[in-house]
There are 2 protein chains.
Amino acid sequence: MANAATRPKTALNQGFSASLALADEEVAALLDLKTTSRTIRRGQEIVSEGRRCSTLSVITEGIAIRYRILRDGQRQILNFLLPGDFAGLTSCFFETALYSIRAITPTIIFQIPFTAVVELLDQHPGLAAGLFRLFASEAAIRAEHLIGIGRLPGLERVAHFLLELLARLRAKGLADERSYGLPLTREVISDALGMSVRNVNRVLQQLRTAGLVRIEDHVVVIENIEELSVLADFEHGYLRPLAIAELAGERG
Amino acid sequence: MANAATRPKTALNQGFSASLALADEEVAALLDLKTTSRTIRRGQEIVSEGRRCSTLSVITEGIAIRYRILRDGQRQILNFLLPGDFAGLTSCFFETALYSIRAITPTIIFQIPFTAVVELLDQHPGLAAGLFRLFASEAAIRAEHLIGIGRLPGLERVAHFLLELLARLRAKGLADERSYGLPLTREVISDALGMSVRNVNRVLQQLRTAGLVRIEDHVVVIENIEELSVLADFEHGYLRPLAIAELAGERG
DNA sequence: CGATCTGTTGACGGGTTTCAACCTACGTGG
DNA sequence: CCACGTAGGTTGAAACCCGTCAACAGATCG
C-alpha cells in the first residue's frame, strides 16, 4: 500500500488523459483523494460476483478481465480492462457485483471509495463529462463485441478481436505497430468470443498458415494488418469517442 | 411537431422517473428546453448509421431497435429501446453514428439538441447522476445479452430474451403480469439473438409445446414464468441499478 | 388481386462442439 | 537433479446443433 501522492503523477496522468480526456484540474482532484494503491498477482480477483462493491478501482498497470461463470461452469468474458480503465464502476450501481474481475497479468490498481467519486462529481462537472465519454467508449466496444459473437464466423471473430486489442493497446502506448505482449491463452480467447477451445485453435492455425497472425510465447504478432482488417471488416472509428468539450463548442 | 410544453407532463414524468429517477426539478428543466416531438411510423429510421447525430431523442411511446447491418447483409440487433430510453445518446459521442435506430411500432420521440443537454449538465448535477444510472442499467442489459449470445444454446437464449423483455416492460407499466404486446417477428428475434430464423422457429415451437411460452398475433404470453426462469437461469437483479442518491448516503 | 410480409416445416449440409489423446513447458518438492 | 503435477497447446474423430435452402400457406396491403 502506498499513498497515491507518493507515486509519479506523470504515468497516471497519461493513463487518465488517454482514456478520459480529463482536465489537469480533475486529475489532481482525483489524486488528492485518499486513494490506496494495490498490487494484484496474476489470477487474483479484483471484484467478486455476488459481493457488494463500493470501491472503484482504476487500473494503472496490467490487464484484467471481467466475466461471468454460468451454472454449468462455462465462462463468458465480457471485456478486457486495460490501464486507464475503471474496474467496478458498473458494479457500484448494483446491490451486489454482477460480474467478477480478475487480473490476467500482474496488475496495479488505485482504489477510490465510490462515495468519494460521487462527491467529486458535484465539485468538478468536467469529471462527469469525462466519465460519459468513458461510458460511450465502453458501450461501443461492447456493441462491436456483441456483433462479432452474434454474427461473425470463427475466423472473422478472432481476427476482429485481435485487431481491436491491438488498436486499444496502441492508443495507450502499450503495443508496437503490429504486435503486443499479452498472455492470451486459447481458453481466454474462447471464453471471450463464445467459442470452444478446439475451434479457437483451428482458427488460429488458419490465420497462422495464411500468414496473417502469429501468437507465440504470449506475444501476438499481426503479420498483415491490411488483409486481416479486410477479413474482419475492422473499422476503428468506434474506439475514439469525442470529448464533450469538442461536441459542445464549434468543432474543426 | 408540437412544443413539449403543450403535451401533458404526467406521462413524460412517469417515463423519466421510472428510467432515470430524476428529480422533478430536472424533469422540468428538460421539458423547458426547445424540444420538438415527432411521430415515427413503424419501420422508419430515427438514427442512421454513418450520418452525424447531434440530437438526442427520448422515446415517450413505442418501441425501437438499435442495430448494425453487416457487409453480407446480416443484421445484428444490439438492443430494444423502450419508452423512457434515450436514442442516439451514444451516437452523439462519435463523428458519425455507429448504429441505426428504427421504430418497430408507431413511436413518439422528443428531440433535444445534444448541446442543450450538455449545458443542462452544468446547471443540474443531479441530471448527470441520473444519466449514470441509465448508463449502468444499459451496460448490465448489454452484458447479459452478450452472455446469452456467447454461451447459451438457442432454447435458453430465447427464454432469457423473452423474460427480460417482460421484466423491462413491466417495470414501465407496459405489460401485464405475464404477457405483453410486441410485434416480435421471428426475424427480429433471430437478429437480436444471433440465430437463424429457422432455429428461432424450432425453439419457439419447443417452448410452445412445453407449455412455457406462446407468441400469437403480436402478443407474447409467458405461460409458466417459474419454469422458464429456471430454464433460462434468469435473475432480474441486473435490471435495477441503484440511484446515486441511495449509494451516497446511508442505505436502509 | 397480385405483391409482400410473416410463419411453418422438411431435407440437407456444414461449422462447431464434444471427447479424447498426446505433447511440451514449467515449477515444485523429494 | 530428477519426479511428478499442472497448465497450456495440438490434433483427430464423431456427434450434433444449427444454418442454409426450399417450398408452401395465411395475412396484410396498396
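Note that the coordinates shown come from a computational prediction; the quantities given were computed from them, not determined experimentally. In the text below, chain A, chain B and the rest are named by the order of the sequence lines, each starting its count at 1.
A salt bridge links B:Glu144 with A:Arg68; the closest basic N to acidic carboxylate O contact falls under 4.0 Å. Taking the charged nitrogens against the carboxylate oxygens, A:Arg66 and A:Asp85 have no contact shorter than 4.0 Å, which rules out a salt bridge.
B:Phe234 and B:His160 have perpendicular rings, their planes meeting at more than 60° on a 0 to 90° scale where under 30° would count as parallel.
Taking atom CZ of B:Arg41 as the reference point, atom P of D:dG30 lies 11 Å away to the nearest angstrom. To the nearest angstrom, P of D:dC16 lies 17 Å from CG of B:Leu155. Rounding to whole angstrom units, CG of residue B:Leu193 and C1' of D:dG19 are separated by 15 Å. With rounding to whole Å, B:Leu182 atom CG is found 16 Å from C:dT6 atom C1'. A straight line from CD of B:Gln206 to P of C:dT8 spans 14 Å, rounded to a whole angstrom. Here the C1' atom of nucleotide C:dT17 and the CZ atom of A:Arg157 are 13 Å apart, to the nearest Å. Rounded to an integer number of Å, the gap from A:Leu152 CG to C:dT16 P is 11 Å. As rounded to whole Å, 14 Å separates atom P of C:dT17 from atom CD1 of A:Ile189.
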Checklist line | side-chain contact (heavy atoms from CB on, under 4.5 Å) assessment of A:Val203 paired with A:Arg157 | finding: CA-CA 9 Å; A:Val203 166; A:Arg157 208 186 294 187; over 6 Å; no
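Between A:Pro153 and B:Arg42, the residue anchored closer to the 5' end of DNA chain C is B:Arg42, taking for each the nucleotide with the nearest heavy atom. If you find the closest nucleotide of DNA chain C to A:Val203 and to A:Asp217, the one lying nearer the 5' end belongs to A:Val203. Between A:Arg151 and A:Gln205, it is A:Gln205 whose nearest contact on DNA chain D lies nearer the 5' terminus.
As judged by a 4.0 angstrom heavy-atom cut-off over every strand, B:Gly43 is placed among residues making no nucleic acid contact. In this structure, B:Thr185 reaches the sugar-phosphate backbone alone: every heavy-atom distance under 4.0 Å involves primed, P, OP1 or OP2 atoms, never a base.
Judged by distance alone, the side chain of A:Ser190 and the main-chain N or O of A:Ser196 form no donor-acceptor pair under 3.5 Å.
With hydrogens and angles ignored, a donor-acceptor pair closer than 3.5 Å exists between the side chain of A:Arg198 and the base of D:dG12. In this model, a side-chain donor or acceptor of B:Arg202 finds a partner on the base of D:dG19 within 3.5 Å.
Distances from the side chain of A:Met195 to the nucleotides C:dT17, D:dT10, C:dT6 place C:dT17 closest. Of the listed nucleotides (D:dT10, C:dT6, C:dT8), C:dT6 has the atom at the smallest distance from the side chain of B:Glu187.
At a threshold of 4.5 Å between non-hydrogen side-chain atoms, the residues B:Leu70 and A:Asp233 do not count as touching.
Contact annotation: B:Asn201 does not reach the phosphate of C:dG7 (side-chain N/O to OP1 or OP2, under 4.0 Å). Between A:Arg186 and D:dT10 there is a side-chain polar atom (N or O) within less than 4.0 angstrom of OP1 or OP2. OP1 or OP2 of D:dG19 sits under 4.0 Å from a side-chain N or O of B:Asn199.
Of the N and O atoms on the side chains of A:Arg202 and A:Asn199, at least one donor lies less than 3.5 Å from an acceptor on the other residue.
Checked against a 6.0 Å centroid threshold, the rings of B:Tyr99 and A:Tyr238 do not count as neighbours.
Where the helix from C:dC1-D:dG30 to C:dG30-D:dC1 starts and where it ends, the local axes point in directions that differ by 40°; five pairs per end, rounded to 10°.
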